Amino acid sequence: MHSPDRRGMMSGMRLRRAPLLTLLLTLGISTAEARVRLGEPLPQHPWTAAAQEVVVVYSHDCGDLGDLWSAVLAAGLPVRAVNAEGFPSPAPAGVQAWTGEAATTFARQLRVGAYPTVLLVQDGRIMNAWEGTFSGKLE
């Protein structure tokens with residue numbers, strides 16, 4: 001007897017990625033360019049930490065972040081928006097952006113190399129980081 005062909009078992013079945021996996025794959029997480037250090041705790045911040053969360057650090061000159069925000073929100077995790085560099089820029093509806101000097105200090109303590117930066121945080125520690133221009137498709 002032989003084992004069933006996987007393709008035959010999966011034909012007609014539509015595979016769906018978990019939203020967080022989709023986010024990470026879409027962003028093409030690359031720590032080669034990131035100066036943010038993995039495993040480090042987040043600097044002091046004003047929100048109550050969740051077991052897992054996504055932190056988006058951005059500034060007014062990032063351009064259109066619509067696709068990025070869509071991917072981040074689809075992850076199904078709490079989203080923390082940090083609007084650094086002193087020029088207010090809105091976050092999506094339902095996401096309160098942290099602004100002002102303290103937000104910029106937070107970004108600098110992280111050693112953010114480029115805006116936007118997306119951090120996957122678990123138990124207060126940075127597990128993954130992505131920096132740069134988002135141009136991916138969510139398909």
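Residue numbers start at 1 and run along the sequence shown. Just so it is clear, the structure is predicted and the values come from calculations on it, not from any experiment.
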Checklist entry - Atom CZ in F106, atom CG in L42: separation rounded to 0.5 Å? => result 4.5 Å
Next on the checklist: Suppose the criterion is ring pair (Phe, Tyr, Trp, His ring centres under 6.0 Å): which pairs have a residue in residues 71-94, not counting sequence neighbours?
Outcome noted: H60-F87
Checklist entry - According to the ring pair (Phe, Tyr, Trp, His ring centres under 6.0 Å) rule, which pairs have a member within residues 66-85, sequence neighbours left out? => result Y58-W69
Checklist outcome for this item: With sequence neighbours left out, the residues meeting side chain to side chain contact (heavy atoms under 4.5 Å, CB included) with P78 are A50, E53, R80
Next on the checklist: Holding to side chain to side chain contact (heavy atoms under 4.5 Å, CB included), I want the full list of residues that pass it with A114, two or more places apart in sequence or in another chain.
Outcome noted: E131
Contacts under 3.5 angstrom, residues 92-102 side chains, donor-acceptor by atom type, not counting sequence neighbours:
none

Where [X] and [Y] come nearest, the two heavy atoms and their spacing:
{"X": "P116", "Y": "L65", "result": "CG-CD2, 3.9 Å"}
{"X": "A129", "Y": "L119", "result": "CB-CD2, 3.7 Å"}
{"X": "Y115", "Y": "A107", "result": "OH-CB, 3.6 Å"}
{"X": "N83", "Y": "P88", "result": "OD1-CA, 3.2 Å"}

With sequence neighbours excluded, give me every salt bridge (charged side-chain N to carboxylate O under 4.0 Å, His left out) pair touching [range].
{"range": "residues 87-100", "answer": "none"}
{"range": "residues 112-129", "answer": "none"}
{"range": "residues 36-50", "answer": "E40-R111"}

Item to check | By side chain to side chain donor-acceptor pair (under 3.5 Å) - contacts of R108 (at least two apart) | outcome: E85
Next on the checklist: The criterion is side chain to side chain donor-acceptor pair (under 3.5 Å); which residues satisfy it with S89, sequence neighbours excluded?
Outcome noted: none
Checklist entry - Heavy-atom distance under 4.5 Å between the side chains of T117 and V82, does that happen here? => result no
Checklist entry - Tell me, do L110 and V55 make a side-chain contact under 4.5 Å, heavy atoms counted? => result no
